[in-house]
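Remember, it's a predicted structure, so these values are computed and weren't measured experimentally. Here is the naming used below: chain letters follow the sequence lines, and residue numbers restart at 1 for every chain.
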Protein chains: 2
Amino acid sequence: MTKEIKQVPEPVLRRLPRYLQILHRMKEDGIREVSSTKIADELSLDPTQVRKDIEFTGIVGRPKTGFLIPELIQAIESFLNWDNINDAFLAGAGSLGTALMGYPNFKSYGLNIVAAFDNNPGKTDGLIRDIPVIHIDKLTDLAQRMHIHIGIITVPAPQANAVAAMMVEGGIKAIWNFAPVQLRVPEDIIVENVLLHAGLSVLKRKLGQVLKDQLQG
Amino acid sequence: MTKEIKQVPEPVLRRLPRYLQILHRMKEDGIREVSSTKIADELSLDPTQVRKDIEFTGIVGRPKTGFLIPELIQAIESFLNWDNINDAFLAGAGSLGTALMGYPNFKSYGLNIVAAFDNNPGKTDGLIRDIPVIHIDKLTDLAQRMHIHIGIITVPAPQANAVAAMMVEGGIKAIWNFAPVQLRVPEDIIVENVLLHAGLSVLKRKLGQVLKDQLQG
DNA sequence: TAGATTGTTAATCGATTAACAATC
DNA sequence: TAGATTGTTAATCGATTAACAATC
């Protein structure tokens, strides 16, 4: 059993990319240094929280001045493993899959979609956004031979688990799942779910409350 | 200042749709009753947590048997405001916007995209997925006149804040933001961010750890 | 009845926020 | 130096988990 020295809380991992977003903008504006106070202001967060998050990356700042922006960007991107490019397979060349294939920023996040898979013969053996689309039956074999570690699932919900099983059999270690389904995979497989309906629920519930309050004055 | 009787924690709002997912499947399978233990098992959650979450919806179960599935579904959907359909505007008729316009499930979540907006004249004045695409300049005026409350932002990051401003001016109260940008909007506007790079960061970081551990044995 | 489950209160856990000495 | 910020420890807050009487 591998003992993690210091588990990084997920909220930290989710905030760090937001820091990067504004750090890159500042860098483009020619700013050289930034304090955690400034970052916190921009994102409406607590300065102590920002400092603690940054601490996880191992970088040290300087009292009074703060952090050198290029150094900080480098530290966060390395910590998030963005400077290490991973090849990925995408299953489900529908409209969402196509949108992801065309998303230009993934490259800078270290994600490289090398092939897409679909069960529709009308789609396979062509290119979408310069990425080859292959029949889903070949996913497992190709994943094994190409040593792919990341799988992206954008198939309809009923097929998601079957696709996940193919990915696992092909040696894929981490699945980015866009289907609104609980995937049943071995414990050691990393699953990151994009639950659009969860976010929408939060939004609709809050909106419903606000509109109700307005009616009541 | 409106005092909320009982603020619902966001984690609760994010778990409830997952319950719905398996409840619908069970209902289709002809199952009539379910216990919180069963739901917890299916989703690898704590039974007490499930019971507490369900309690928020106001429904009462019966000892030994649990909850009647149709009643439970109804209670959760009503609590999440899904049975109340909201019209929405979508800004940015690119590939992601197109994917969302074609997403069939939104209707059952109570979201109805009535129009899309874009600044590309080649896209406007046509239909995408049966939804009219209109020039972005008309968004504010139309939102006002149609009393739209929800805006969906799928434009590129640099334009997101300008679009958000138009939406707010048009009276939109809640924004579902897919652009990786911190929106600057008035405090009373509800913003729900879909941060794809955050999820990807968690995935890549965990994968990096696992692969490193493997090398070290 | 016996037994599983609910509803609810108490204990635990972890993340956020506050406080403050050290530092450039 | 004076003052803002870092790094870090302590206090708070809220969510998760445990415990258990009530109930069908």
Closest-nucleotide 5' rank along DNA chain C - winner of B:K52 and A:K52: B:K52
Heavy-atom pair of closest approach, residues A:A157 and A:P180: CB-CD, 4.1 Å
Steps toward side-chain contact (heavy atoms from CB on, under 4.5 Å) verdict (B:I76, B:L23): CA-CA 10 Å; B:I76 296 177; B:L23 290 171; 3.9 Å; yes
Exam field: side chain A:N105 to backbone A:Y109, donor-acceptor pair closer than 3.5 Å: no
Toward the 5' end of DNA chain C, by each residue's nearest nucleotide, A:P9 or A:T48: A:P9
Heavy-atom pair of closest approach, residues B:I39 and B:Y19: CG2-CD2, 3.8 Å
Salt bridge (Lys or Arg N to Asp or Glu O under 4.0 Å) pairs, two or more places apart, involving residues 42-51 of chain A: A:R25-A:E42, A:K38-A:E42
Sidechain N-carboxylate O distance under 4.0 Å for B:E192, A:R205: no
Sequence-distant partners of B:N84, side chain to side chain contact (heavy atoms under 4.5 Å, CB included), two or more places apart: B:N81
Sequence neighbours left out, cut at 3.5 Å: what donor-acceptor pairs do the side chains of residues 86-101 of chain A make with other protein atoms?
{"residue": "A:N86", "atom": "OD1", "partner": "B:K204", "partner atom": "NZ", "Å": "3.0"}
{"residue": "A:D87", "atom": "OD1", "partner": "A:N112", "partner atom": "ND2", "Å": "3.1"}
{"residue": "A:T98", "atom": "OG1", "partner": "A:G94", "partner atom": "O", "Å": "2.7"}

Polar side-chain atom of A:T140 near backbone of A:M166 as donor-acceptor pair, under 3.5 Å: yes
Nucleic acid contacts of residues 59-67 of chain B, taken as heavy-atom distances under 4.0 Å to DNA chain D: B:P63, B:K64
Nucleic acid contacts of residues 191-202 of chain B, taken as heavy-atom distances under 4.0 Å to DNA chain D: none
Where chain B begins and ends its contact with DNA chain D, read 5' to 3' at 4.0 Å from heavy atoms: D:dA15 to D:dC24
Selection residues 166-189 of chain A - residue pairs positive for salt bridge (Lys or Arg N to Asp or Glu O under 4.0 Å), sequence neighbours left out: none
Chi angles and distances behind the side-chain contact (heavy atoms from CB on, under 4.5 Å) call for B:L13, B:F79: CA-CA 9 Å; B:L13 295 177; B:F79 182 74; 3.9 Å; yes
Note: A:K27-A:E33 ion pair, threshold 4.0 Å (strictly below): no
Set of ring-ring contact (aromatic ring centres under 6.0 Å, His included) partners for A:W176, sequence neighbours left out: A:F106, A:F178
Strand DNA chain C as a dot-bracket string - pairs counted if Watson-Crick or G-U with both distances under 3.5 Å, | where the partner lies in another strand: ..||||||||||||||||||||||
Where at least one partner belongs to residues 70-83 of chain B, residue pairs that pass salt bridge (Lys or Arg N to Asp or Glu O under 4.0 Å), sequence neighbours excluded: none
All salt bridge (charged side-chain N to carboxylate O under 4.0 Å, His left out) counterparts of B:R129, not counting sequence neighbours: none
For DNA chain D, the residues among residues 29-46 of chain A that have a non-hydrogen atom under 4.0 Å from it: A:S35, A:S36
